[in-house]
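The figures here come from the full heavy-atom set of this structure, side chains too, leaving out hydrogens, waters and symmetry mates. Every chain is numbered from 1, with letters handed out A, B, ... down the list of sequences.
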Amino acid sequence: MARIDTKTTSEIVAAHGAKPELLVQVLATIVKRFGWVPDDTIRQLASELNLSRADVHGVVEYYEDFRTAEPGKHIVKICQAEACQAMGSEKLTRYAEKSLAMSLHDTEKDITLEPVYCLGNCACSPAVMIDGKTFGRVDEKRFNEIIDHMRGSN
Amino acid sequence: MSRTKIYVPRETTAVSVGADEVALEIARVAKKTGTEIELIRNGSWGACWLEPLVEVDVDGTRIAYANVAADDVASLFESGLVTGGEHKRRLGPIMEIPYLIKQDRWTFWRCGLTNPLSLQDFEQHQGFKALQKAFADGPESVLKAVEDSGLRGRGGAGFPTGIKWRTVAKTQSEQKYIACNADEGDSGTFSDRMLMEGDPLGLIEGMAIAGFAVGASRGYIYLRSEYPLTHSILSRAIDTARGAGWLGENIDNSGFDFDIELHIGAGSYVCGEETAMLESLEGKRGIVRSKPPLPAHAGLFGKPTVVNNVVTLASVPNIVKLGAERYAGMGVKRSKGTLAFQLAGNIKRGGLVEKAFGITLRELIDDWGGGTASGRPVKAVQVGGPLGAYIPAEQLDVPMDYEAFVGIGAMIGHGGIVVFDDTVNMARQARFAMEFCAIESCGKCTPCRIGSTRGVEVIDKMIAGKDREENYDLLVELCDTMEGASLCAMGGMTPYPVRSVLNYFAEDFASSDEKQV
Ligand SMILES: Cc1cc2nc3c(=O)[nH]c(=O)nc-3n(C[C@H](O)[C@H](O)[C@H](O)COP(=O)(O)O)c2cc1C
Ligand code: SF4
Ligand code: FES
């Protein structure tokens, strides 16, 4: 993911017409591009959108997607919701934690491992999302394959 | 010779099991073998268990090949794919697949059939005909049709759509809004997504009709961030519609202006609750608002707003075009028309089944779903997402009917059906219901915010076998408090799945204890 810079942030704000009511959309765009929202960006957004820092901070803090710590190079999300549970997502999660040597919510150098609650892929569960792409019918073997593929595409 | 049309869905589930790789390989092999083909990325028919489902148009008949992998493609071509040749993956004509032809496809009829991003294909399949009819007949006629159809909100609460629209139409304001709820957060549901990926122009038409009926010139779609492919398809469809003058000023010379803005969510389940969604659309934290005022009176930016689910809005064009009577003629009692049921979890033939209300849960699970994927007996079925009750196997003969579900302490919600086999420990499911509420609570009400965390603790004690009876009573009390004193259904209905476990699967608390002994 690209390194966040103030110029691009300003461009994103401008593309949204610097409208304070588009704060959630601005943040979503920033996270899509950079993966997270640093403190400096919160300050910059407050000033450019004419909001208080507390306002921006409050919104960032509220939403799951708006990470405040830099994620790893790849973001791996494993669905933890009911339809995936019914097809063994808990076991898959334990397997993933073991094989990646990290826990859910952790960030290592190249991976951030996160829970997600439904990817809308519930008819082909369990589901996993890697860098914005959804995978279905993920058993342990397929999990290894998609992780290998992810690492290969560095 | 004209080019043979080959269809490979560009839809999240199909792509999640390899449809893109199959499409690439088909293009590659066609080129290598000098075969003239036209590759069409259609939406999904909803028969997810068959994905990737490839179709070939042979003299106007679409022949289906199921569960195609990229590795199969070379041999498919060798077996004469373009003429519908025999192959182990060949299923036969798509229109002969019972799973599909036995449905009542009212809202999803274009899904799978058409290229979702082709305006020409859309128009050749009745596209914008309903909007033109609305322009010709006038807003009152549309309002009347929606009222007479008996259509109820498909987002979960089942509120009559006609009443909502009438309220907004009657409320005076220089600005009104249509806010389409595409947050689809319930586990086990994907019908909004399939509609938006398979027939996005159909949703746009439904929203424009809503705007015309109530006098709103602006629409918003609030799409969850977990659906990136949907976002790409939907935003292209909006651009296409705008480019052709179906969005914007003076649509089709009607004098009516309407445009749509696509907003993306940020991973909060509560933002599917309509007032939290409005807050989020205004750029704020997704905290639920107190009612009144109703969004219909003072919604987005304080203006009268129709908030409707994707499927609700997409059901409207056919109601306008084919008539309210046709829609109301399907279904039972106060549950009119069809619902797109979604078969999910431990099920052999998972997918989307649009059927008239009145079909039983058992018919859906057995006749369509083919039972569990594991082949083991069904133990419990959660209907209506994380706030829906777990229904025990003995009760599967309940008809899909809003009121019949309320009668057994359950809810149909958005129509998601999640099947569990007999290996599930239901005490864990009760715990998850509370845990999910604790994670997702917007924090406004104490019973929801604190009660759910307490609920997890109490259930943990029960699972560990500590003072089980005392804790049982405590849990029931917690459920009462949450149900009675929560502002929205997050805190108010989390007790549903929990109580259903206490009522029907109490022995699962014991079994985990016994294992520890
Ligand atoms: C916690 C919670 C989450 C909800 N999530 C959704 C959702 O994701 N999609 C949706 O359409 N409705 C959802 N609803 C229901 C909405 O509040 C609202 O009833 C619906 O959008 C109205 O549209 P309809 O009448 O067409 O169903 C949710 C409600 C609650 C309480
Ligand atoms: S019940 Fe929960 S989610 Fe709903 S308003 Fe109260 S705290 Fe927020
Ligand atoms: S529950 Fe996992 S994708 Fe829906």
Side-chain angles (χ1 to χ4, degrees), chain A residues 16 19-29 31-32 37 49 51 55-67 77 79-90 114-138 142 146, chain B residues 12-13 15-17 46 48-49 51 184-190 192-194 224-230 263-269 271 280-287 301 342-347 350-352 373-374 382 385-386 416 418-421 424 428-429 432 436 439-440 442:
Chain A
H16 289 84
K19 292 184 189 154
E21 69 270 26
L22 292 182
L23 176 60
V24 174
Q25 303 310 302
V26 168
L27 287 165
T29 312
V31 170
K32 200 169 160 194
V37 192
L49 289 168
L51 291 162
D55 282 341
V56 180
H57 193 268
V59 169
V60 170
E61 186 187 41
Y62 183 81
Y63 293 96
E64 203 53 43
D65 284 2
F66 301 155
R67 289 180 207 91
K77 300 185 187 214
C79 180
Q80 306 292 315
E82 291 92 333
C84 286
Q85 291 168 7
M87 289 300 280
S89 61
E90 265 188 69
E114 291 180 345
V116 64
Y117 296 92
C118 193
L119 293 164
N121 208 32
C122 334
C124 290
S125 51
V128 169
M129 181 183 260
I130 299 183
D131 298 332
K133 185 174 172 358
T134 300
F135 296 87
R137 298 181 191 138
V138 183
R142 187 156 148 82
I146 60 184
Chain B
T12 297
T13 292
V15 170
S16 84
V17 293
C48 300
W49 95 99
E51 299 292 359
E184 195 161 65
D186 290 355
S187 164
T189 69
F190 44 83
D192 295 347
R193 180 180 63 62
M194 279 201 167
R224 68 199 301 253
S225 63
E226 291 81 355
Y227 289 177
L229 180 59
T230 320
H263 275 226
I264 189 138
S268 152
Y269 177 73
C271 282
S280 188
L281 280 172
E282 293 179 9
K284 302 177 198 152
R285 295 158 64 100
I287 308 279
F301 302 112
Q342 301 128 84
L343 297 174
N346 196 332
I347 186 114
L352 178 140
S374 60
Q382 189 178 32
V418 179
V419 179
F420 290 80
D421 74 10
V424 67
R428 307 282 315 167
Q429 298 309 117
F432 177 76
F436 185 69
I439 294 169
E440 297 293 341
C442 86

With heavy-atom distances below 4.5 Å as the criterion, would you say the side chains of [X] and [Y] are in contact?
| X | Y | value |
| --- | --- | --- |
| Pro228(B) | Met129(A) | yes |
| Gln85(A) | Val418(B) | no |
| Arg285(B) | Glu61(A) | yes |

Counting heavy-atom pairs closer than 4.5 Å to chain A, which one of [options] comes out on top?
| options | result |
| --- | --- |
| Gly351(B), Gly416(B), Ser268(B), Gly265(B) | Ser268(B) |
| Cys442(B), Gly286(B), Gly385(B), Pro386(B) | Gly286(B) |
| Ala266(B), Cys48(B), Gly345(B), Gly283(B) | Ala266(B) |
| Gly185(B), Gly350(B), Gly267(B) | Gly267(B) |
| Leu229(B), Thr189(B), Asn346(B) | Asn346(B) |

Minimum heavy-atom distance between [X] and [Y], given as atom pair plus value:
| X | Y | value |
| --- | --- | --- |
| Ala344(B) | Cys122(A) | CB-O, 3.3 Å |
| Cys118(A) | Ser187(B) | SG-CA, 3.8 Å |
| Glu90(A) | Arg428(B) | OE1-NH2, 4.2 Å |
| Ser225(B) | Asp65(A) | OG-OD2, 2.5 Å |

Got a second to check how far [X]'s [atom1] is from [Y]'s [atom2], nearest 0.5 Å?
| X | Y | atom1 | atom2 | answer |
| --- | --- | --- | --- | --- |
| Asp55(A) | Lys284(B) | CG | NZ | 10.0 Å |
| Glu21(A) | Leu281(B) | CD | CG | 11.0 Å |
| Glu226(B) | Asn121(A) | CD | CG | 12.5 Å |
| Ser280(B) | Tyr62(A) | OG | OH | 8.0 Å |

Region of [X] that comes under 4.5 Å of a non-hydrogen atom in chain B:
| X | answer |
| --- | --- |
| Thr134(A) | both |
| Lys77(A) | neither |
| Val59(A) | both |

So which part of [X] gets closer than 4.5 Å to some heavy atom of chain A, the side chain, the backbone, both or neither?
| X | answer |
| --- | --- |
| Gln342(B) | neither |
| Gln382(B) | side chain |
| Thr12(B) | both |
| Cys271(B) | side chain |
| Ile287(B) | both |
| Val15(B) | both |
| Asp186(B) | backbone |

Got a donor-acceptor contact below 3.5 angstrom from the Gln25(A) side chain to the Ile264(B) backbone?
-> yes
Quick one: ring pair (Phe, Tyr, Trp, His ring centres under 6.0 Å) partners of His263(B), sequence neighbours excluded?
-> Tyr220(B)
Taken in chain and number order and not counting sequence neighbours, the residues that satisfy ring pair (Phe, Tyr, Trp, His ring centres under 6.0 Å) with Phe436(B) are Tyr117(A), Tyr269(B), Phe432(B)
Heavy-atom count around Glu282(B) CD within 6.0 Å, excluding the residue itself: above 12?
-> yes
